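What follows is a short report on a single structure.
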There are 4 protein chains.
Amino acid sequence: MPRGRRVNSSGEKSKKLLLDIATELFSKYGYHKTKISDIVKAANLTQPTFYLYFENKESLYRDLILQFKNSFLENLDRLKEEAKGGNLIDLLHRHLTVLFQYFASNPYLTKIGFYQAEESEELKAKFSKVLEELLAERIEFSEHDPRIFAHSLVGAIERVTLMLLFTKEKEPEQLASEIINVYFPKTAVCKS
Amino acid sequence: MPRGRRVNSSGEKSKKLLLDIATELFSKYGYHKTKISDIVKAANLTQPTFYLYFENKESLYRDLILQFKNSFLENLDRLKEEAKGGNLIDLLHRHLTVLFQYFASNPYLTKIGFYQAEESEELKAKFSKVLEELLAERIEFSEHDPRIFAHSLVGAIERVTLMLLFTKEKEPEQLASEIINVYFPKTAVCKS
Amino acid sequence: MPRGRRVNSSGEKSKKLLLDIATELFSKYGYHKTKISDIVKAANLTQPTFYLYFENKESLYRDLILQFKNSFLENLDRLKEEAKGGNLIDLLHRHLTVLFQYFASNPYLTKIGFYQAEESEELKAKFSKVLEELLAERIEFSEHDPRIFAHSLVGAIERVTLMLLFTKEKEPEQLASEIINVYFPKTAVCKS
Amino acid sequence: MPRGRRVNSSGEKSKKLLLDIATELFSKYGYHKTKISDIVKAANLTQPTFYLYFENKESLYRDLILQFKNSFLENLDRLKEEAKGGNLIDLLHRHLTVLFQYFASNPYLTKIGFYQAEESEELKAKFSKVLEELLAERIEFSEHDPRIFAHSLVGAIERVTLMLLFTKEKEPEQLASEIINVYFPKTAVCKS
DNA sequence: AATGAATGAGACTTCATTCAT
DNA sequence: GATGAATGAAGTCTCATTCAT
């Protein structure tokens, strides 16, 4: 059997390939059920090659989480900055749209960072906090806890992303609009 | 440690102990990070004892999931039955209260069955479906998808349970009320 | 659960029961595939009871082997003693009859001692030796090795016991006759 | 021992080594008393290496049995085909010679497949059947059951292989001749 | 740049055996 | 005489990781 460098092979290409496959497998099957052997098999490479590009299994996973986390927090920071003035609903709408766009473009990473990772709780908590502050300033939550509202919104985003965005049943922009509609009904026409 | 029966030992006690510890550890650390050795160590027993009372690690975990699933689906069935007549908001309020009460009484089991288990997705999807039908009958969602509303509600429940119920910041009844308030704002003229 | 001595129970009866079941299971499934738990389960007793009557698994098995061995060697000794005078064929016929009778009466023990046990090789070798000497004295094995004849006879006995005696297709006496007929054809109509 | 590839190591060599050692140990000590740790220790390798080349302990054992079984049955088929015409004794002589040659060349495999394996009973029964048919066509078994003859022959082969072939006291060809002589005596000098 | 070959560490599980009642 | 409850010891197998080429 021939060994060594393959014709037409390139380090960067292999690394990218491994990274993409790892992301997909981790997102689909979780950290523990995804074996290095699975990853390299899917990439048509071998196990030592994996260690050529990544320190080890865990650090790769952590990197993926971190990557999501950074994007997410960056987004959140932007939201906070923009928060000063302007219309709340417009603001939220813009933010959700961007968020859903990112989620839709990076479903695997999102699955890992927003659903699987232990840190995902932290992210969601932060998100809630920001929303809470945002809302507290503007809306009169006459008799109810603003935290409920904030957590609910985050939960809705979480669930809707999974059920309607990842399944491609809804587009990011539309989803943002509809979520907004639910939480800020224009005219709540509710007959029993 | 000497072999054989311990002084003052009782099978039922040991089994219960192991079950409780296993439930707690699984819920805290997940299936893979929880070793049988951890479970028995915490129970001050040895590994073979585990197999005296449980078939194996996986089947114990599955049993826990099943236990949650049964309770949850039973609850859901009750909701469906009661759905025929009556005021929607009252109905939901009662159901959520019961649900939150169950969650609060069984936090570890809930963590496993509603958050960790692969089947949890299925449960939530079913929950959404039921809610969707319930709502569709009564409310006029003028221009928006009732699924959004249903998924959002489920997501809210999920998140709020984790952040406010499990942390004991809210009581089940109150949480139910507040969630209802968010989704059916009084000033939103939604009387039945 | 009640513990302690059962009504109507008797130590000797339990011991005999365990012994019989153990013999059957060992003979059917072999030493390794037969578990103490299987034995006591079949006897409707519990594991500690086993140790009340037997030192341990191996020693019980060894006892069974020894029991067979003793009977077998005793038989062999009788054959050697009777060997001095008399008609060879009659002698063999009588011996085989007795042997087959013992085998037929103790199929489980025979299975263990003559087929499974490592010592069975030793027994068969001894058997061969005795036959060889017996034959050597009387028959003129013009040009062939008497060992072949002796080993063949033992092999025939071994196989025929399994296939025709244990299956109850043949009675001990008849089997003895027929074997003799094969090895000492009266009218050796042996055309090529 | 350091991890990773050894100097001068080769997969095929290791696999063959393990296979050979396993065959020997299984044949000598049986399935249960042969531990994987014994096999790899004898090969100066470690346990995971075993799993690099074999599915697991049982499947390796089954493979060995199958290997023997295939050779044996192939042989038997040839015997059946050649059975149509020709001299019976010559036929048998040729067959036994080939059989003994195979046994002598593969003593470990034969020990496993013809003596230890549960399937060995099936093989011997088939062998008997074939012999029985072969004999029934040609010889006049005036008053005796041909099965006796067939089973005896198989038993003789079994025993003689163990006692004279494996010990290298006899060559395959000679053993075949002598067995034939016993069962088809030229001049049956059978005085009592 | 990549692979073939191997291992350390550890998890799960089984089974004979033993105490305490 | 018998059992309920437990364990020591060991075996099989898996997986991430590493050396030598």
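By convention in this document, chain letters (A, B, ...) are assigned in the order of the sequence lines, proteins followed by strands, and residues within each chain are numbered from 1. None of these values were measured; they are calculated from a predicted model.
A donor-acceptor pair is defined here as one N or O able to donate and one able to accept, closer than 3.5 Å; no such pair exists between the side chain of Thr49(B) and the backbone of Leu45(B).
Atom CG of Asp38(D) is separated from atom P of dC13(F) by 14 Å (rounded to the nearest Å). Rounded to an integer number of Å, the gap from NZ of Lys33(D) to C1' of dG11(F) is 16 Å. As a whole-Å value, the separation of Lys15(D) NZ from dG4(E) P is 15 Å. Straight-line distance from the CG atom of Leu18(C) to the P atom of dA2(F): 9 Å, rounded to whole Å. When the C1' atom of dT13(E) is taken as reference, atom OH of Tyr61(B) falls 21 Å away, rounded to whole Å. In this entry the distance linking NZ of Lys35(D) with C1' of dA10(F) reads 9 Å, nearest Å. Following rounding to the nearest Å, Lys41(C) (NZ) and dA16(E) (C1') show an atom-to-atom distance of 14 Å.
Each of Ser9(B) and His32(A) lies near DNA chain F, and the nucleotide nearest Ser9(B) is the one positioned closer to the 5' end. Annotation: of the two residues near DNA chain F, Pro2(B) and Thr34(D), the 5′-most nearest-nucleotide partner is Pro2(B).
For Arg3(D) against dT17(F), a side-chain-to-base donor-acceptor contact under 3.5 Å is present.
Atom CG of Leu123(A) sits about 9.5 Å away from atom CD1 of Ile65(A), to the nearest 0.5 Å.
Figure legend: cation-pi geometry between Lys111(C) and Phe166(C) absent, as NZ or CZ is not positioned both under 6.0 Å from the six-membered ring centre and within 45° of its axis. For the pair Lys57(B) and Tyr31(B), the cation sits on the ring face: its NZ or CZ lies under 6.0 Å from the ring centre, inside 45° of the axis.
Applying salt bridge (Lys or Arg N to Asp or Glu O under 4.0 Å) to Lys69(B) and the options Glu122(B), Glu118(B), Glu119(B) leaves one that passes, Glu122(B).
For Arg6(B) and dT7(F), the shortest distance from a side-chain N or O to OP1 or OP2 is below 4.0 Å. Between Ser14(B) and dA6(F) there is a side-chain polar atom (N or O) within less than 4.0 angstrom of OP1 or OP2.
Tyr115(D) and Ser120(D) form no side-chain donor-acceptor contact under 3.5 Å, judged by distance and modelled atom types alone.
Between Tyr102(D) and Phe72(D), a ring centre-to-centre spacing not shorter than 6.0 Å is recorded.
Taken residue by residue, residues 44-60 of chain B places heavy atoms nearer than 4.0 Å to DNA chain F at Leu45(B), Thr46(B), Pro48(B), Thr49(B), Leu52(B), Tyr53(B).
For the pair Lys15(B)/Phe50(B), no side-chain contact is recorded, criterion being any heavy-atom separation below 4.5 Å from C-beta on.
For DNA chain F, runs of at least 3 consecutive pairs of the Watson-Crick or G-U wobble type, with both hydrogen-bonding distances under 3.5 angstrom, map to E:2-21 with F:2-21.
When all heavy atoms are compared, the tightest approach of Leu64(A) to Phe26(A) is CD1-CD1, 3.8 Å.
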